[in-house]
Amino acid sequence: MKETVVSGIRPTGKLHLGNYFGAYKNFLRLQEETNAYFFIADYHSLTTHPTPGDLKSSVRRVLAEYIALGLDPEKCTVYIQSDVPETAELYLFLNMNAYLGELERVTSFKEKARTQPNNINAGLLTYPVLMAADILLHRGVKVPVGKDQEQHLEMSRTFANRFNRLYNVEYFPEPTAFNFGTELVKVPGLTGGGKMSKSAGEADSIYLDEEASVLKKKIMRAVSDSGNEPGAPKSQPVQNLFDLMNLVCAPEVIASFEADHKAGSIRYGDLKKQLAEDMETFIAPLRDRIQATLGDSKRLDEIAAYGAEKARLSAQKTLREVREIIGFSR
Ligand code: TYM
């Protein structure tokens with residue numbers, strides 16, 4: 001039997017390069033090889049209270065991007081999380097066995113508590129429980145995600161194991177973060193910080209449908225440093241630029257800039273120009289496909305309805321069994 005794979009992306013507008021190389025790229029391969037469920041995590045996005053209009057358009061946008069970039073609703077199950085309310089029921093059950101202390105120790109929660117102290121809602125605290133529910137809903141074992149989700153996956157394993165122990169069953173498998181046997185990916189942003197993230201502002205992210213002129217401007221304005229002594233290590237912003245080159249540039253091009261950096265003679269203007277060119281080559285076909293798919297509302301509605309139906313079949317089976325294990329069935 002094929003392994004079950006589950007993953008999702010929050011609808012916060014558009015997908016960026018981090019979403020693509022951290023997760024989506026693997027979705028494309030996994031839909032060929034596994035029993036895969038890829039959803040749009042719209043329940044999750046409520047922690048930041050989008051307006052109904054923004055939520056709707058973001059969900060539509062991500063659905064269009066999922067399809068435009070190659071997910072095939074016949075090969076995998078593509079669905080919108082809130083179309084499958086069984087997710088919420090499993091979340092409730094798992095919440096009964098999630099402890100305040102462990103939830104408060106999650107890095108992403110601590111970070112939010114520090115940066116937005118006036119919006120620490122319970123949904124934010126129990127975010128890893130909802131993620132576990134998403135995965136365990138289909139009894140997923142592999143979860144293609146970027147590096148930033150690693151700790152959340154650890155929590156999913158904890159909740160799966162705890163449920164099994166509590167009810168003395170071997171029901172939920174242990175899900176693991178997955179990247180075809182290699183390290184999970186972290187794509188840096190353009191503003192010199194850690195990972196590419198929408199919350200770091202517009203200038204940090206490269207979107208998958210970025211207009212050519214905007215793309216060039218963003219990259220030429222990317223943070224670098226004021227040059228280096230021969231042999232000195234790379235600063236974080238410069239390492240970030242090299243990491244981005246690694247995604248889209250040819251190895252010999254990168255090697256030549258590496259050598260210039262080592263010699264202390266690197267010109268960041270030249271590096272950025274090269275990066276902008278190669279990035280445009282990568283983005284251009286994606287941009288065209290996204291534009292073409294966005295307008296096809298009828299097809300997107302059909303895809304969402306079809307995906308919801310398939311996802312609910314799997315979810316309803318799990319919930320039937322979970323209810324029985326808990327003791328709800330008569
Ligand atoms: P989200 O929406 O922040 O990101 C979606 C996916 O993109 C990856 N990602 C990155 N990878 C590498 N470098 C980056 N700069 C970068 N930025 C984002 C994320 O690791 C993720 O894989 N909680 C999740 C969504 C979610 C989910 C789930 C994922 C909800 N339920 C169940 C898997 C299984 C999130 O907020 O991802």
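No hydrogens, no waters, no symmetry mates; every other heavy atom, side chains included, goes into these values. This one's a predicted model, so the numbers in the text were calculated from it and none came from an experiment. Order of listing sets the numbers, starting from 1, for every ligand and every atom in it.
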- Message: Just to verify, what does Tyr79 make a ring-ring contact (aromatic ring centres under 6.0 Å, His included) with, not counting sequence neighbours?
- Response: Phe39, His138
Should [X] and [Y] count as an ion pair when the cut-off is N to O under 4.0 Å?
| X | Y | result |
| --- | --- | --- |
| Arg139 | Glu3 | no |
| Lys262 | Glu258 | no |
| Asp243 | Lys234 | no |

- Message: With a 6.0 Å cut-off on the ring centroids, do Phe93 and Phe328 count as close?
- Response: yes
Under 3.5 Å, N/O to N/O: give me all the pairs between ligand 1 and the protein, one per line with atom names and distance.
unit_1   : atom_1 : unit_2 : atom_2 : d
ligand 1 : 2 (O)  : Arg10  : N      : 2.8
ligand 1 : 3 (O)  : Arg10  : NH2    : 2.7
ligand 1 : 4 (O)  : Asn19  : ND2    : 3.4
ligand 1 : 7 (O)  : Asn19  : ND2    : 3.1
ligand 1 : 11 (N) : Gly18  : O      : 3.2
ligand 1 : 13 (N) : Val187 : N      : 2.8
ligand 1 : 15 (N) : Val187 : O      : 2.8
ligand 1 : 15 (N) : Met196 : N      : 3.2
ligand 1 : 15 (N) : Met196 : O      : 3.0
ligand 1 : 20 (O) : Gly146 : N      : 2.8
ligand 1 : 20 (O) : Asp148 : OD1    : 2.5
ligand 1 : 22 (O) : Gly146 : N      : 3.2
ligand 1 : 23 (N) : Tyr127 : OH     : 2.8
ligand 1 : 23 (N) : Gln149 : OE1    : 3.4
ligand 1 : 31 (N) : His44  : NE2    : 3.3
ligand 1 : 31 (N) : Asp134 : OD2    : 2.6
ligand 1 : 36 (O) : Arg10  : NE     : 2.8
ligand 1 : 36 (O) : Tyr127 : OH     : 2.8

- Check for a donor-acceptor pair, side chain of Asp54 on one end and backbone N or O of Pro50 on the other, with a separation under 3.5 Å. no
